[in-house]
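Each remark here refers to the structure printed beneath this line.
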Amino acid sequence: AVERTLSIIKPDAVAKNIIGEIYSRFERAGLKIVAARMLHLSREQAEAFYAVHKERPFFKDLVDFMISGPVMVQALEGENAVARHREIMGATDPKQAEPGTIRADFADSIDENAVHGSDAVETATQEVNFFFGPDELCARTR
Ligand code: CMP
C-alpha cells in the first residue's frame with residue numbers, strides 16, 4: 001500500500017551539509033517528499049516528539065542533541081514507505097547498520113545517528129501530523 005512516513009535529518013547530518021545526499025537516497029528508493037521544513041526544535045517540541053522515550057536513560061541526551069542545531073523534517077510517500085525508509089536508514093546503532101545505509105555511511109554513534117524515521121504505520125501518521133497540517137501535505141500524482 002502507499003504509505004507516508006516521517007523523516008528527520010538530525011543536527012549532525014545538517015551540520016555535515018548532506019541534506020541533498022540524503023534526499024537523493026530517498027528519491028532513488030522511490031520515496032517522494034510530500035512536505036518539508038527546516039526548523040530549530042525547541043526543547044518543548046523535542047520532548048513532545050520523543051515523549052514515548054521519556055523514561056529511557058538516554059532521553060535527556062537525545063533531547064539536548066535534537067535541539068543542538070537545525071533539523072530538516074519531511075514527510076515521505078511511497079509504496080511500503082515506512083519499511084522502505086527504515087531499510088535505507090539502517091539500524092539505529094550505526095555499528096549494526098548494513099553497509100550502504102544512511103547510518104552506516106554518515107552516523108557517528110547511536111546518539112548522533114543522522115536520521116530519524118517512523119517505526120510503524122500508526123506512529124508514522126502521528127509523527128507526520130506532529131509537524132505538518134493537512135494543507136501542507138502535497139499530492140504527488142504526476
Ligand atoms: P531515533 O530513531 O530518532 O529514536 C530515538 C533515538 O534515541 C534514536 O534514534 C537514537 O538516536 C537515540 N538513542 C540513544 N540510545 C538509544 C538506545 N539505547 N536505544 C534506542 N535509541 C537510542
Side-chain angles (χ1 to χ4, degrees), residues 1-140:
V2 174
E3 298 168 353
R4 285 177 178 161
T5 192
L6 189 84
S7 152
I8 304 179
I9 301 178
K10 296 187 180 185
D12 58 328
V14 172
K16 287 178 180 171
N17 218 22
I18 53 172
I19 294 170
E21 166 67 37
I22 294 172
Y23 271 24
S24 293
R25 291 175 182 229
F26 296 157
E27 294 181 341
R28 283 204 297 275
L31 297 169
K32 295 177 178 179
I33 296 163
V34 296
R37 184 187 313 133
M38 183 178 259
L39 75 165
H40 195 137
L41 292 169
S42 67
R43 182 170 295 278
E44 293 66 33
Q45 277 176 308
E47 286 177 350
F49 181 76
Y50 280 120
V52 62
H53 295 306
K54 201 164 58 230
E55 307 304 328
R56 308 285 289 272
F58 56 81
F59 183 68
K60 170 81 163 55
D61 286 346
L62 171 62
V63 170
D64 285 343
F65 168 60
M66 290 300 291
I67 67 173
S68 67
V71 296
M72 192 75 198
V73 183
Q74 39 286 321
L76 306 177
E77 184 178 273
E79 191 64 33
N80 209 15
V82 175
R84 189 84 197 89
H85 181 222
R86 293 184 70 76
E87 264 171 44
I88 65 171
M89 287 195 298
T92 305
D93 182 352
K95 293 198 292 286
Q96 316 284 327
E98 293 291 330
T101 60
I102 294 168
R103 283 166 171 159
D105 290 346
F106 303 121
D108 295 322
S109 68
I110 192 169
D111 297 297
E112 304 208 358
N113 67 349
V115 285
H116 166 82
S118 309
D119 65 357
V121 175
E122 305 76 59
T123 47
T125 304
Q126 292 170 17
E127 290 186 357
V128 168
N129 293 339
F130 185 92
F131 285 106
F132 299 110
D135 57 330
E136 294 175 294
L137 295 158
C138 295
R140 295 284 307 267

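Numbering of ligands and ligand atoms starts at 1, following listing order. Remember, predicted model here, so these are calculated numbers, not experimental data.
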- Query: Judged by non-hydrogen atoms, does Arg103 sit under 4.0 Å from ligand 1?
  - Reply: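 Yes; Arg103 lies near enough to ligand 1 that a heavy-atom distance drops under 4.0 Å.
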- Message: Please confirm whether Tyr50 approaches ligand 1 to less than 4.0 Å, judged on its heavy atoms.
- Response: yes
- Message: Using side-chain heavy atoms (C-beta onward) and a distance below 4.5 Å, is Thr125 in contact with Arg4?
- Response: no
- Student check: side-chain heavy atoms of Tyr50 and Arg56 closer than 4.5 Å: no
Just by modelled atom types, is the [Y] backbone N or O under 3.5 Å from a matching donor or acceptor in the [X] side chain?
X      : Y      : value
Glu122 : Ala120 : no
Glu3   : Val82  : yes
Glu77  : Lys32  : no

- Query: In ligand 1, which numbered atoms sit nearer than 4.0 Å to a non-hydrogen atom of Lys10?
  - Reply: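 Taking each heavy atom of Lys10 in turn, ligand 1 has 1 (P), 3 (O), 9 (O), 11 (O) under 4.0 Å.
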- ligand 1 atoms in contact with His53 (distance to a heavy atom under 4.0 Å): 4 (O), 5 (C)
- Is Ile110 close to ligand 1, meaning an N/O of one under 3.5 Å from an N/O of the other? yes
How far is [atom] from its nearest protein heavy atom, and which residue and atom name does that atom have?
atom                    : result
atom 2 (O) of ligand 1  : His116 ND1, 3.1 Å
atom 14 (C) of ligand 1 : Asp111 OD1, 3.3 Å
atom 6 (C) of ligand 1  : Leu62 CD1, 3.7 Å
atom 21 (N) of ligand 1 : Phe58 CZ, 3.6 Å

- Working for side chain to side chain contact (heavy atoms under 4.5 Å, CB included), residues Phe49 and Leu6: CA-CA 11 Å; Phe49 181 76; Leu6 189 84; 3.7 Å; yes
- Part of Glu112 within contact of ligand 1 (heavy atoms, under 4.0 Å):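 Contact part for Glu112 vs ligand 1: neither.
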- Message: Test of understanding: given a 4.0 Å heavy-atom threshold, classify the contact between Thr92 and ligand 1 as side chain, backbone, both, or neither.
- Response: side chain
- Query: Do Asp93 and Arg103 sit within salt-bridge range, that is, some charged N less than 4.0 Å from a carboxylate O?
  - Reply: no
- Knowing that exactly one of His116, Glu21, Met72, Met38 qualifies, which makes a side chain to side chain contact (heavy atoms under 4.5 Å, CB included) with Ile9?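 Single side chain to side chain contact (heavy atoms under 4.5 Å, CB included) partner of Ile9 among His116, Glu21, Met72, Met38: Met72.
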